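Read the structure below first, then the notes.
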Amino acid sequence: MKHSKELITNLKNIFEERFSGSPLFIFSPGRINLIGEHTDYNEGFVMPASIDKGIYIAFAKNAVNKLRAYSFDFKEYVEVSIDQLKPVNRDWANYVLGVVSEIQKIKSFSGGLDIVFGGTIPIGSGLSSSAALECGVGFAVNHLFDLGLSRIEIAKSGQLAEHNFVGVRCGIMDQFASIMGRSDQVIKLDCRSMDYSYFPSKFEDYQILLFNSKVKHSLAESSYNKRREECESVVKILQQKNTGIQSLRDVSLALLNSEKNMFSDLLYKRSSYVIEENDRVLKAGEMLKNKQYKEFGQLLFESHQGLSEKYEVSCPELDFLVANIKDNPSVIGARMMGGGFGGCTINLVERSKKESLIQEVSQTYKERFGITLEYYEVEIGEGTHIIN
Ligand code: ADP
Ligand code: MG
């Protein structure tokens with residue numbers, strides 16, 4: 001992938017003005033999720049990939065035993081003693097401090113750390129700029145102090161930073177994708193066992209295009225918790241007869257159908273979505289192996305329909321963005337991506353037709369909602385790595 005020379009130069013200059021010595025550089029990517037939405041907390045499967053947009057970090061040790069961090073995008077600076085890390089009143093700094101603190105819990109090291117960082121990824125739009133930042137900082141600490149942590153240990157430190165310093169109880173997918181990603185490959189991750197495998201994703205004549213609805217409905221958080229509870233209650237009901245069931249992962253559609261009279265229509269809708277979505281992820285892997293891109297795309301449309309009608313976590317803007325292109329022959333798949341109620345849609349579109357498509361969708365979206373659409377072309381790039 002091509003790195004942003006301009007941003008790297010800016011970070012280097014700022015680093016040299018503020019601190020001493022010459023820094024190393026890391027790139028840590030954001031992620032997309034091709035399919036497998038709301039399956040992670042049901043111990044199911046997801047299919048994320050790291051992208052060519054992310055966070056760049058200039059970093060070096062310091063001899064003053066401090067953690068000193070400068071955010072290029074927010075133009076803010078934080079300096080704390082590295083031996084006494086606790087949450088501060090700047091959101092971005094908590095991701096940085098949080099990861100270092102979590103790593104200190106598993107491996108002790110001595111010395112301070114200077115970082116200057118900035119991103120090429122939209123913040124807070126569902127591409128996981130937060131995981132990119134966490135994994136980048138974790139990778140930097142591991143590298144500088146030669147701690148010998150595995151990539152998965154770094155991902156977990158990022159997840160815990162988000163739990164303990166930021167207060168978001170996220171799953172592991174985002175950090176996993178950021179740090180374990182590979183160029184032109186998607187990851188199929190089993191959220192129960194953490195087993196994972198890679199599938200080729202060149203997509204040949206097609207490319208991934210994201211449309212940012214630019215809305216975030218307030219329902220997002222409460223509905224997320226509600227859905228988790230709904231899934232748990234289905235599991236509890238089924239456990240009365242089947243002691244082997246621990247999560248919806250253990251439930252087949254046949255079993256669910258045979259016990260349908262045990263729960264409400266609403267709970268049936270919710271749980272059948274999750275079970276079907278898990279099946280779609282498994283099928284999606286096979287289709288990628290066989291280069292059946294159109295069939296793969298069809299799964300994205302089905303995923304969206306399930307999220308919208310059965311799981312009910314979409315919104316008019318996302319539904320519009322998908323419905324609007326569904327019959328367009330240059331789009332072979334589309335769905336909402338992420339928790340729902342806003343954020344981006346992910347689309348598989350014919351490369352040669354993308355410009356006219358962007359123009360058309362932007363215009364109709366503006367007419368319907370009065371919102372200027374943003375779009376991002378993403379390539380699947382390598383996970384967190386040092387840049388030479
Ligand atoms: P997402 O992960 O979907 O982009 P989040 O709300 O989880 O959205 O994370 C966004 C937060 O991560 C920002 O509010 C900020 O605190 C931190 N962050 C992300 N990117 C940057 C950046 N380039 N510079 C500083 N902080 C960032
Ligand atoms: Mg995030």
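Both ligands and their constituent atoms are indexed starting at 1 by order of listing. On a predicted model such as this, the values are computed, not experimentally measured, just so you know.
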- Message: Looking at Tyr77, I'd like to know if the NZ or CZ of Arg68 sits under 6.0 Å from its six-membered ring centre while staying within 45 degrees of the ring's axis.
- Response: no
- Whether Ser129 has an N, O or S atom under 2.8 Å from the Mg ion (ligand 2): no
- Task: Would you check whether Phe117 reaches within less than 4.0 Å of ligand 1, judged by its heavy atoms?
- Result: yes
- Of the protein's non-hydrogen atoms, which lies at the shortest distance from atom 2 (O) of ligand 1, and what is that distance? Ser130 OG, 3.0 Å
- Within 6.0 Å of CG in Asn290, more than 12 heavy atoms from elsewhere: yes
- Nearest non-hydrogen protein atom to atom 4 (O) of ligand 1, with distance, is Ser129 OG, 2.6 Å
- Task: Report the nearest protein non-hydrogen atom to atom 3 (O) of ligand 1: residue, atom name, distance rounded to 0.1 Å.
- Result: Gly126 N, 3.1 Å
- Message: Go through it in stages, so that I can follow the logic: the residues are Asp319 and Ser308, the test is side-chain hydrogen bond (donor to acceptor under 3.5 Å, both in side chains), and I'd like the CA-CA distance, side-chain angles, deciding distance and then a yes or no.
- Response: CA-CA 7 Å; Asp319 284 343; Ser308 178; 3.1 Å; yes
- Task: Tell me which part of Asp174 gets within contact of ligand 1: side chain, backbone, both or neither, using heavy atoms under 4.0 Å.
- Result: neither
- Message: I'd like to know if Arg335 and Glu37 make a salt bridge, using a cut-off of under 4.0 Å between side-chain N and carboxylate O.
- Response: yes
- Contact (N/O only, under 3.5 Å) between Gly124 and ligand 1: yes
- Item | is_close_aromatic(Phe59, Phe15), centroid dist under 6.0 Å | no
- Item | Residue pair Lys354 / Gln207, side-chain heavy-atom distance below 4.5 Å | yes
- Note on the structure: For atom 21 (C) of ligand 1, the closest protein heavy atom turns out to be Ile123 CD1, 3.7 Å
- Task: Evaluate whether atom CD of Gln239 has more than 12 neighbouring non-hydrogen atoms of other residues, nucleotides or ligands under 6.0 angstrom away.
- Result: yes
- Query: Looking at atom 12 (O) of ligand 1, what's its closest protein heavy atom, distance included?
  - Reply: Tyr95 CE1, 3.5 Å
- Side chain, backbone, both or neither: Ser71 near ligand 1, heavy atoms under 4.0 Å: side chain
- Task: Compute both the distance and the angle, then confirm whether Lys75 meets the cation-pi test with Phe72: under 6.0 Å from the six-membered ring centre, within 45 degrees of the axis.
- Result: yes
- What part of Asp73, side chain, backbone, both or neither, has a heavy atom within less than 4.0 angstrom of ligand 1? side chain
